[in-house]
Amino acid sequence: MKMYKLAGEERFLLWAVCSIQLQVLCDKSGEKLLLLAEGLLKKHIASHSMHEPEALMVYISLLEQQSKYNDGLEVLSGDLGSLLMIEVDKLRIQGRLLARANDYSAAVDVYKKILELSPDDWECFLHYLGCLLEDDSIWKYFDNIDQIHPTKHIECKFSHLTEEMFDSRISSASDLVLKLQIDTENSNLRGPYLAGLEIEKRKFLFGKKNENKLLESLLQYFHKFGHLACYASDVEAYLHVLSPDKKTEFVGMLVKNSDSFSESATKVLGQTTTILKVQELTGNIFELPIDEIEASAVKLAKLYCQNLALSKDLDPQESMFGEELLSLISNMLVQLYWRTRNFGYLAEAIMVLELGLTIRGHVWQYKILLLHIYSYVGALPLAFERYKALDVKNILTETVSHHILRQMLESPMWVDLSNLLKDYLKFMDDHLRESADLTFLAYRHRNYSKVIEFVLFKQRLQHSNQYLATRVEASVLQLKQNADSIEEEERVLENLKSGFQLVELSDEIGSRTLRFNEDMETRPWWTPCPEKNYLLGPFEEISYCPKENEKKDREENMKLAIQRKSLLPRMIYLSIQCTSTALKESVETNGSKGDTKISGELECLLEEYTKMLGCSLSDAVEMITEISKGARTSESLGSNLVEWLNFAVFWNGWSLSSHEHWHVLNSLFERLILDRIRSMGSSDMSSCYSDVQVLVQIITEPLAWHSLIIQACTRSSLPSGKKKKKNHQQHSDQLSSSPMSQTIKDSIQSLCSTIQEVSNWIQNQLDNPEDDQVERFLSTLKRAEDATGGPGQILGVLENVIASSEEAEVGNRIFDALKSWNTADSARKTVMAQQRVFREFLQICESKRKQLETVKQQMSHV
Amino acid sequence: MVCIRRATVDDLLAMQACNLMCLPENYQMKYYLYHILSWPQLLYVAEDYNGRIVGYVLAKMEEESNECHGHITSLAVLRTHRKLGLATKLMTAAQAAMEQVYEAEYVSLHVRRSNRAAFNLYTETLGYKINDVEAKYYADGEDAYDMRKHLKGKQNHHHGHSHHHHGGGCCSGDAKPVEIAQAADAKAVSK
């Protein structure tokens, strides 16, 4: 403001006005300031008028922010309105202001005008229809900014309309749409036809019994645009309002009608792909019998092969004809695996996608699908390789890294994980740091409305759930990596301000709205978000449901998970501190409770932690005690098993002098770990990786923290140069023979033998010769001569083509790729990747066990 | 196509996703931001019927030369949405904005020599002409055509532009900010 007063320049005033707008937008308070800003602008306009279109946009948005829509309209239609050079832009603002001022009939006229100027403007059509039906729900839809892709489901309100009103308005909409269709007949626009579908949908939602008419319109749309790759996503919203029966009927109609078309190979290919996609979208494919799905996948594979020649002359960057078929086939194969638990289908899905990637190296869908299948079968290094091939950089680290992040966090691949976390945090931190310069850039170019957008965007990134979670995870990873040495761990803790910062973060998150910027639409159907994997449950359990229902729960769960995790470093720190007090207590039984403050803080954190697990401290204690005694099964811990164990560790750390608590903890570890090993039995990695993931987490988190506490206990009892306590030797002597010392030794013994069990299991897996495992992998794909179904058919089709293809037919690029394909190589890579995970895990287990053995020896030397 | 509308800063998230799916090259986010915060009128997205961003055009005004001209930095359309005329519409919108808002005299762009589809679009549909060939313009050593198309420029048919100055038109006299230098470097690497 000072600058404005000094220089009198418009830009300084607008700077001040933008700052006010932002303050109100971010704090949701101080609305009176808006009035002040408006006054300042008015005064400026009166004396200097206004010269920048952007200044006008700010003025109008300021009025809008105060719901002064009519004032905005007045400004727009006045002299200042001519600042906006592009007619349609101006009309859009006018339409919006009219609609928000509830002047629907005037808004309808404006939107009509826009549609006549640009008949394919879909957003405008929705506004037109909304205003015509006096329904303002669409504004909620456009205000919903938390997703990258806005929700497909728009609510519609009709209750304020009589049937007669509805009929007359919808018929005027139909007239307009018909006119647009005629006007644009030669330009092949989809908009006007989709508008026809939208009208049928509204009628249906209003209660008109026009389901058949809707189907017919969908079919017409198919005749016109069914060969395009966008058909399925165009009609998704319309399919969802149909009843399951009608959905099936519609798929039938498509199949029947597609056969009559055979003008060109590309059109047939396009339509067939579309039908499959519609089957996927409607969930229809989940109801088909297994042999029908198999037959359909074989048909698609043949279609892919037949059409390879079409792509002969394409540039390497262009997408191939029939590219999507392989993704669809792989989706079917995954479903077949889910239904039959026959691993061969999954192996076949891997082969189909890898072959696809050999032919066309840049297809991101193949990479993403492979990444998830490899993660599921425990070939994580390969999954990570496919992820890296996506070339995820910059903002993509925010929108795309959810594909791999969770698996990596639950893996023993710490080096890769650490790089992943570092790259992401570096991008986010750099961006947040540079954002001041960028804000200034927008100011300098006088793009005031962009300043506001940009600052809100920055906030969106700052409050990203993934960003917060990663910050916590990066610290926890350091703790995990250094947990074998208490001195190293203390250095890490020191850098983390004894865990205090993250506790503060946890408090902050409680009152914050987390933002979700991940692009979940690119995920495969069977794992719609990182926390869900349908393949882990039985086939019958899930019915097809749209993804969006899950969002609300997810936000709450994510928040709790981040909060719980951010308490860990502090609890580790406090537990280590508690050991010295506890030992003193156990020696001097008259107990001067020197550090009640520490133990008090730990107790508070434990209470908070259990609250976030959904129960009180005493209930939580009861729960783990019962499980350790076998009175309850570990299933009662649900998916938070690792976190319950964390709790048990710190609860013991808080009450070290109780021998019973130590005992509970020991048997808890033993029980939960052995449970897992038993459930895996002798099955191989491919079918039990989720159990391995849990084991990795148990060993690298709660068990590591517990072993740290043991190290701390021992250290306080050992004579060492660092310890200056006068009566130290006496303490140690007493300790070595005290029941406390025995308790610790017992715990070490118990942990060591439990870890040994894990190591044995892993070693067993590693002892299988690689060649045997490759052979076993390939054998799941082998088919008997007379077999009618089962895995291997599709690969058979594809391999036939490889054997028989000719260079002249498919072009040298595809030909070379086909010739370079080797099924056994692909199988071997998978097996090697699985083994690498085992080796890394074994290494961690061994170093934990050795570390504990050393502590045990130290104790017996005391 | 659907709605060809002006890009917002938030669109960057979906635009980047679009980039993953259709362009082998990735831009620095800073470069996007530099465009949208400097010439927001020149960035358009194609939004599909269900709200997805399926294409975009990224353009800027060239500030270093005396002639006021626009430059198309990047044009992308999702593979699933090719052959619908989206690219033409995006280009037309950006060119119109260059002409109407900044009074650009011509618009330039670079295209890979091997990219026949794009080359045809520029020459046949949009009326661009080859101005020059830049040897080894791309990181992988491929040559680029430097192409141009003349716009109506100063004979602006819109009335009321008497109010309209952008701190001296498009080629603003402001000191060149640091980001511009970085972006210009980035062009050769990432375009």
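Atoms considered below: every heavy atom in the structure, side chains included; atoms not considered: hydrogens, waters and symmetry mates. Note on naming: letters A, B, ... go to the chains in the order of the sequence lines (proteins, then strands), and numbering restarts at 1 for each one.
Note that NZ of B:Lys89 and OG of A:Ser118 are 9.5 Å apart. Values are rounded to the nearest 0.5 Å. Expressed to the nearest 0.5 Å, how far CZ of A:Phe457 lies from CG of B:Leu37 amounts to 10.0 Å. We find the CZ-CZ distance between B:Arg5 and A:Arg92 to be 9.5 Å, quoted to the nearest 0.5 Å. Atom-to-atom distance recorded for B:Leu13:CG and A:Leu396:CG is 9.5 Å, nearest 0.5 angstrom. Here B:Ile4 contributes atom CD1 and A:Trp122 contributes atom CH2; the two are 15.5 Å apart, rounded to the nearest 0.5 Å. Once rounded to the nearest 0.5 Å, the distance linking CG of B:Leu33 with CG of A:Asp437 reads 12.0 Å.
Applying the ring pair (Phe, Tyr, Trp, His ring centres under 6.0 Å) test to A:Tyr231 and every residue at least two apart in sequence or in another chain returns A:Tyr221, A:Phe222. Every residue two or more places apart in sequence or in another chain that forms a side chain to side chain donor-acceptor pair (under 3.5 Å) with A:Lys450 is listed here: A:Glu453.
For A:Glu323, the part lying near chain B is the side chain, with the backbone staying farther off; criterion is any non-hydrogen pair under 4.5 Å. Looking at A:Phe427, the atoms closer than 4.5 Å to chain B (heavy atoms on both sides) all sit in the side chain, from C-beta outward. The parts of B:Arg116 that come within reach of chain A are both its backbone and its side chain, each placing non-hydrogen atoms under 4.5 angstrom from that chain. For B:Ala93, no part lies under 4.5 angstrom from a heavy atom of chain A.
Within the 4.5 Å cutoff, the side chain of A:Cys230 has heavy atoms near those of the B:Leu84 side chain.
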**OP:** Evaluate the criterion salt bridge (Lys or Arg N to Asp or Glu O under 4.0 Å) for residue pair B:Asp48 and A:Arg190; output intermediate values, then yes/no.
**Re:** CA-CA 10 Å; B:Asp48 202 358; A:Arg190 291 174 295 147; 3.7 Å; yes

**OP:** Decide side-chain contact (heavy atoms from CB on, under 4.5 Å) for B:Lys30 and A:Asp430; before the verdict, give the C-alpha distance in whole Å, the side-chain angles of both, and the deciding distance to 0.1 Å.
**Re:** CA-CA 10 Å; B:Lys30 241 193 289 185; A:Asp430 283 354; over 6 Å; no

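Your options are A:Ala442, A:Gly191, A:Cys124, A:Ser449, and the one with the most heavy-atom pairs under 4.5 Å with chain B is A:Ala442.
Taking all atoms of both residues into account, the shortest heavy-atom contact from A:Asn447 to B:Ser38 is ND2-O, 2.9 Å.
Residue B:Met147 qualifies as enclosed at atom CE: its count of foreign heavy atoms under 6.0 Å is above 12.
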